[in-house]
Amino acid sequence: MASGPDTTSASAPDGSRERKAAPAAQPGTPEGPTRASGADPGSDVPTGVCAAPEPEGRPGRMRRLAALARREAGRSALAALGGVALAFAFPPYGIWPLSLLAVAALSLLTRGRTGRQGAWLGFAFGWPFFIVLLKWLHVVGWDAVIGLAFLQSLFVLGLGAGLALTARLPLWPLWGACLWLTEEFLRDRLPFGGFSWGRLAFANTDSPYTPLAALGGAPLVSFAVALTGTLLAAVVLRGLQLRSAGARTGRAYATCFGALALACAATAAGLAVPVPTKAADTVRVAVVQGNVQQPGMHFLGRPMQILNNHVEATLDLAERIEQGKEPRPDLVIWPENSSDLDPYKYAEAGDRIDRAVKAVGVPVLVGALVDHPTKEGYVENQGIVWDPEKGPGASYTKQHPVPFGEYVPFRDQLSKVITRLQQVPRDFYPGDHTGVLQTGPARLGDVICFEVAYDEIPRDTVKDGARALVVQTNNATYGRTGQPEQQLAMSKLRAVEHGRAVVTAATSGISAIVAPDGTVRQQTDEFTQDVLTGKLPLRDEITLADRVGAAPEWVIAIVGVLACAGAWILGRGRGGTGARARTAPDAAGDGDGTDRQDRQAQAEGQHQ
């Protein structure tokens, strides 16, 4: 209650109400009591009472925020628990059903809330989620984990507000699922090219939803998971309402079981999707994991250490081939940064690579950082096809360098404030074409490290003619933190999405060969020197997901925005989107004629 002079109404002898010490009406203003200007619709100031202004120096906005936090403490704790549960749906834990429960939980928690309350709950859900999911960044610093998690949770803040606004629309589970995809759509692109970690699809690379990737890529998988979660929320809500004898109507039961049936259908739909795997032909590949001197930020060790590790592993492979213990492969794949020196600039590095390639007698795809040919101070992260006769040939340059990891935006300004950014001494220069490389008899599509998380790079590479995908990566900084498992899950989803075998080559693990149906045929342990050999299926047919591209994602994301805008407009038409709108008669209802029951459930939720 605002402080100030006593403005409490007193009872008059005739039963009417008169204002004690009421000031005279000012000229030009309506006579009689009015609501204080700027009063919060959900505040404790009674209607018809004039609140005194906040005393100077008392931050009214902060007090309201603090009051909001206190009122929402219980829901906030549940939202945080839901966010942590969602993180456990992802590798290395991989409990994918938790992704459904987490979506349902946020839908239920935001239902009956204002947009502002929904935004708070979205933030309370998102920040713990990203802290647990991205804890592998602690090798850089826990401040990096908390800071990046905070930035990513701002997108979930918007999701929470949208879920609260659209919860009163007919077919609200559908609009809620669209909003989940809208959040992923924006986070995948903003800022600095976006950050795709934490998409629902990447928690469902071994679930019934996985085959849907062949139809609509990762966005369709995320949408199906979100839709199932919001439908489960509808089932729970209707089930709670059915506890009341007056609500047990045939229509109410039909709504409940209909939502449950749709949730089951969305889950089972992927099982009906054919995943093409028939190979046009095959090649025999060898994947070399040379290992690093030590895990963490300083994995490089002394110069040439990593390069020598990969050379020695390849020479050992060549010796086994000569002894007849191993069939000769058609090509060999080394990981990102397998040469820790620029082989064009340092002759010793080039000679060592050349020796290994000549010994094995087949082309080797080498990963190296090379100086930009024309822009001084810039480097390029490349995959280079090294032929045993012709030497280095065609190459691919990483198109999507990682901000603050491989380049520093606003370097001159930020590096003065964040001295840790000086550990990135040079900026990576992005490539301008896809990574389709003729490597011996195989036309491979090279994708480097985090690029596997972005839909457009693998898709464009396949559409340009790649018959199999190679993910060259260096996860040594984040070894044994769960990050390599998360990245391998992305490779599995891309295999299904594009109908292509995927080879993941990592300096320290996890290296793997993934079949076109997403199954891992072989994989290495972390921080071991190892070589994987096997037949790699090559395919030319492209999936429906490749044909339609990003169109389904754009459509679903825009529908989410339109639903949110429509809910906001309808809320204003009913007198606002605050507390008054929540208790006003709902013309739209749930689309099943149970407005009174929904308002009762909302009122119960507000008093919890």
Side-chain angles (χ1 to χ4, degrees), residues 90-92 134-141 144 197 285-317 332-343 349 352-353 356 364-369 381-384 398 401-402 405-406 423-424 428 446-453 469-492 502-514 520-534:
F90 290 79
L134 304 178
K135 64 180 177 60
W136 44 266
L137 262 178
H138 76 271
V139 298
V140 178
W197 245 255
V285 300
V287 185
V288 176
Q289 178 176 299
N291 204 10
V292 299
Q293 188 170 356
Q294 58 189 0
M297 289 288 291
H298 305 289
F299 65 88
L300 284 174
R302 67 180 187 272
M304 295 278 291
Q305 175 69 48
I306 294 179
L307 175 56
N308 283 330
N309 288 351
H310 288 83
V311 168
E312 289 166 6
T314 305
L315 292 175
D316 182 66
L317 171 64
V332 176
I333 299 171
W334 285 8
E336 177 190 27
N337 298 153
S338 47
S339 177
D340 46 8
L341 292 178
D342 182 348
R352 291 290 288 165
I353 296 172
V364 177
L365 181 61
V366 178
L369 299 183
N381 192 350
Q382 288 192 347
I384 306 167
K398 186 176 184 180
V402 178
E406 295 177 328
Q423 296 184 30
V424 185
F428 285 29
D446 193 14
V447 175
I448 297 180
C449 201
F450 280 20
E451 289 185 325
V452 72
L469 291 173
V470 174
V471 180
Q472 291 182 293
T473 186
N474 175 17
N475 293 326
T477 300
Y478 308 113
R480 300 193 182 106
T481 63
Q483 189 270 355
E485 289 90 342
Q486 292 176 7
Q487 191 170 330
L488 179 58
M490 298 174 191
S491 293
K492 292 164 61 177
V502 179
V503 174
T504 297
T507 51
S508 59
I510 303 171
S511 300
I513 298 176
V514 183
V520 179
R521 291 183 175 176
Q522 299 181 59
Q523 74 176 66
T524 65
D525 294 327
E526 289 189 77
F527 296 106
T528 59
Q529 188 175 100
D530 203 352
V531 176
L532 301 178
T533 59

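Side chains included, hydrogens not; waters and symmetry mates left out as well; all remaining heavy atoms used. Treat the numbers as computed from the prediction; the structure is a model and nothing was measured.
- At least one donor-acceptor pair under 3.5 Å links the side chain of Glu526 to the backbone N or O of Arg480.
- Between Ile353 and Pro343, the shortest heavy-atom distance links the atoms CD1-CB, 3.8 Å.
- Counting heavy atoms from C-beta on, the side chains of Gln472 and Ser338 never come closer than 4.5 Å.
- Of the possible donor and acceptor atoms, none in the side chain of Ser508 sits under 3.5 Å from a partner among the backbone N and O of Val292.
- Results of the side-chain hydrogen bond (donor to acceptor under 3.5 Å, both in side chains) test with Gln483 over Gln486, Glu485, Gln487 single out Gln487 as the only residue that passes.
- The shortest distance between side-chain heavy atoms of Leu488 and Pro91 does not fall below 4.5 Å.
- Phe450 and Lys398 get closest at one heavy-atom pair: N-NZ, 4.3 Å.
- Distance check: Thr473 OG1 to Met490 CE gives 10.5 Å after rounding to the nearest 0.5 Å.
- Across every non-hydrogen atom of Ile384 and Ala368, the tightest pair is CD1-CB, 4.3 Å.
- Side-chain atoms of Gln289 never come within 3.5 Å of backbone atoms of Ile510 as a donor-acceptor pair (strictly under, hydrogens ignored).
- Expressed to the nearest 0.5 Å, how far CD1 of Ile513 lies from CD of Gln523 amounts to 11.0 Å.
- Ser511 approaches Leu532 most closely through the heavy-atom pair O-CD1, 3.8 Å.
- Not one N or O on the side chain of Gln293 forms a donor-acceptor pair closer than 3.5 Å with the backbone of Ile306.
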For this session: Would you sort out whether Lys135 and Thr481 count as a side-chain contact (heavy atoms from CB on, under 4.5 Å), showing the intermediate values?
Result: CA-CA 8 Å; Lys135 64 180 177 60; Thr481 63; 5.6 Å; no
For this session: Given side-chain contact (heavy atoms from CB on, under 4.5 Å), test Leu369 with Phe428 step by step and report yes or no.
Result: CA-CA 9 Å; Leu369 299 183; Phe428 285 29; 3.7 Å; yes
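- Residues Tyr478 and Val140 are in side-chain contact: their nearest non-hydrogen atoms beyond the backbone lie under 4.5 Å apart.
- Put simply, the side chain of Gln522 never gets that close to the backbone of Ala512: no donor and acceptor are under 3.5 Å apart.
- If you run side-chain hydrogen bond (donor to acceptor under 3.5 Å, both in side chains) between Thr507 and each of Asn337, Asn474, Asn309, only Asn474 comes through.
- Using modelled atom types, one finds no donor on one side chain facing an acceptor on the other under 3.5 Å when comparing Asp340 with Gln305.
- For the pair Thr504 (side chain) and Val471 (backbone), a donor-acceptor distance under 3.5 Å is absent.
- Considering every non-hydrogen atom in both Leu317 and Ala286, the closest pair reads CD2-CB, 3.7 Å.
- No donor-acceptor distance shorter than 3.5 angstrom exists from the side chain of Ser339 to the backbone of Leu307, with no hydrogens or angles considered.
- Across all non-hydrogen atoms, the minimal contact from Ala356 to Leu315 is CA-CD2, 4.1 Å.
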